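All values reported here derive from a predicted model rather than from experimental measurement. Proteins get letters first, then strands, A, B, ... in listed order; numbering begins at 1 in each.
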2 protein chains.
Amino acid sequence: MAIITRETDYALRALTGLALADDFLPVSTLAEQEEVPPDFLRKIMQRLHQAGIVESSQGPFGGYRLARSARRLSVLDVVETVQGPLVMSECISRPEICGRIDYCPFRRRLSALGAGLNAKLAKVRISDAANEIQSAREAAK
Amino acid sequence: MAIITRETDYALRALTGLALADDFLPVSTLAEQEEVPPDFLRKIMQRLHQAGIVESSQGPFGGYRLARSARRLSVLDVVETVQGPLVMSECISRPEICGRIDYCPFRRRLSALGAGLNAKLAKVRISDAANEIQSAREAAK
DNA sequence: GGGTATGAGACTGATATACTCCTATTATTG
DNA sequence: CAATAATAGGAGTATATCAGTCTCATACCC
């Protein structure tokens, strides 16, 4: 099973693209650059907009741009916006479905692993990805 | 999103139950003890059997028992048997769906996080859970 | 052979994934 | 200042996965 869905993958690509552009970029351009189905990306960008991650401008020369610095935007932010909270097991986020919460021998252990993963995802920033692409481009010159 | 499905959760419960019983246990008993829908658990046990995690015996006084020591059975084993390989992103396991593999700035980072999570899940053993239950029972006496 | 257990697999409802299509808004242009 | 073209916004759809149920066959013990 994949922890990160394709939707999140596309969102990460698009946000990296926006980080490099540093200006309003239309979905059509972004979709072509990042090899994402444009109509699908449009929907994803809307979610990111609702979450306050990107700003939008309609009409000609409009599009999306980052609402905050790429350094302050983590993979975890994107995962949580697109997929919802990332948890090891449903029983951790929704105790009511279990009823064994008091004595479940896995709960504490798995919960800790989930927290660890979240912390690591929070440390991977969009700027890291953008910088890597930037360096590769300069090296190619 | 939950990384571990309910099916895996049920499998972990059942295997912990078997570790404590240390004998053939029918699905009906196991299902009642662990609060799992019996027909569903039957199907799950079959998967665990096909994977060689449990042994089966048909007929009266039959049921399932662990095929190996609970100390040598990890949560990762169970996750992989029930859900398939656990990977951060689909593009890591199936490069052909991406086409950006050479320069994707997230691939290496996410792949490392996935490997780390797998390693940690491999260190949580069914015996850990069984021992905890055992201790709690003795303390309650 | 009767009763108890697993083995194999078809079937189903609900939810999530992955994507498409149509509509509303905005900015420039004549 | 209306027409138009470029954009975002949001509804809708097909397929897969999840979470289970049900049925029938097979094996085993007494």
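Looking at heavy-atom distances under 4.0 Å, A:S57 makes contact with sugar-phosphate atoms alone, never a base. The residue A:F24 sits apart from the nucleic acid: no heavy atom pair falls under 4.0 Å. Residue contacts shown for A:E55 are absent, as no nucleic acid heavy atom lies under 4.0 Å away. At the heavy-atom level, B:P60 lies under 4.0 Å from base atoms of the strands shown.
Looking at B:Q46, its side chain comes within 3.5 Å of the base of C:dA8 through a donor and an acceptor atom.
Map B:D39 and B:V27 each onto its nearest nucleotide of DNA chain C; the residue landing nearer the 5' end is B:V27. Each of B:L25 and B:K43 lies near DNA chain C, and the nucleotide nearest B:L25 is the one positioned closer to the 5' end.
Remark: B:Y10 is not in phosphate contact with D:dA19, judged by side-chain N or O atoms under 4.0 Å from OP1 or OP2. Of the side-chain N and O atoms in B:H49, none sit less than 4.0 angstrom from OP1 or OP2 of C:dT6. Considering only side-chain N and O atoms, A:Y64 lies under 4.0 angstrom from the phosphate OP1 or OP2 of D:dG9. Side-chain nitrogen and oxygen atoms of A:Q83 include none within less than 4.0 Å of the OP1 or OP2 phosphate oxygen of C:dA16. When the side-chain nitrogen and oxygen atoms of B:R6 are compared with OP1 and OP2 of D:dC18, none of them lie within a distance under 4.0 Å. For the pair A:S56 and D:dG9, the criterion of a side-chain N or O lying under 4.0 Å from OP1 or OP2 is met.
With A:D77 as the partner, the salt bridge (charged side-chain N to carboxylate O under 4.0 Å, His left out) test is satisfied by one option alone out of A:R68, A:R71, A:K123, A:R125: A:R68.
We find that CZ of A:R65 is positioned 15 Å from C1' of D:dA8, with the value rounded to whole Å. Counting to the nearest Å, the P atom of C:dT6 and the CD1 atom of B:I44 are 14 Å from each other. Regarding A:I3, its CD1 atom lies at a distance of 17 Å from the C1' atom of D:dT17, rounded to whole Å.
Nearest to the side-chain atoms of B:Q58 among the listed nucleotides C:dC19, C:dA5, D:dC18 stands C:dA5. Of all nucleotides listed (D:dG20, D:dG10, D:dT7), D:dG10 comes nearest to the side chain of A:Q50.
Applying the 6.0 Å contact sphere to CD of A:E35 captures more than 12 heavy atoms from other residues, nucleotides or ligands.
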Test side chain to side chain contact (heavy atoms under 4.5 Å, CB included) applied to B:L113 and A:I3, step by step | CA-CA 11 Å; B:L113 293 193; A:I3 293 172; over 6 Å; no

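Under 4.0 Å is where a charged nitrogen must lie from a carboxylate oxygen, and between A:R13 and A:D9 at least one such pair does.
Both A:F40 and A:V78 belong to a common hydrophobic cluster when Ile, Leu, Val, Met, Phe, Trp and Tyr are linked at side-chain heavy-atom distances under 4.5 angstrom.
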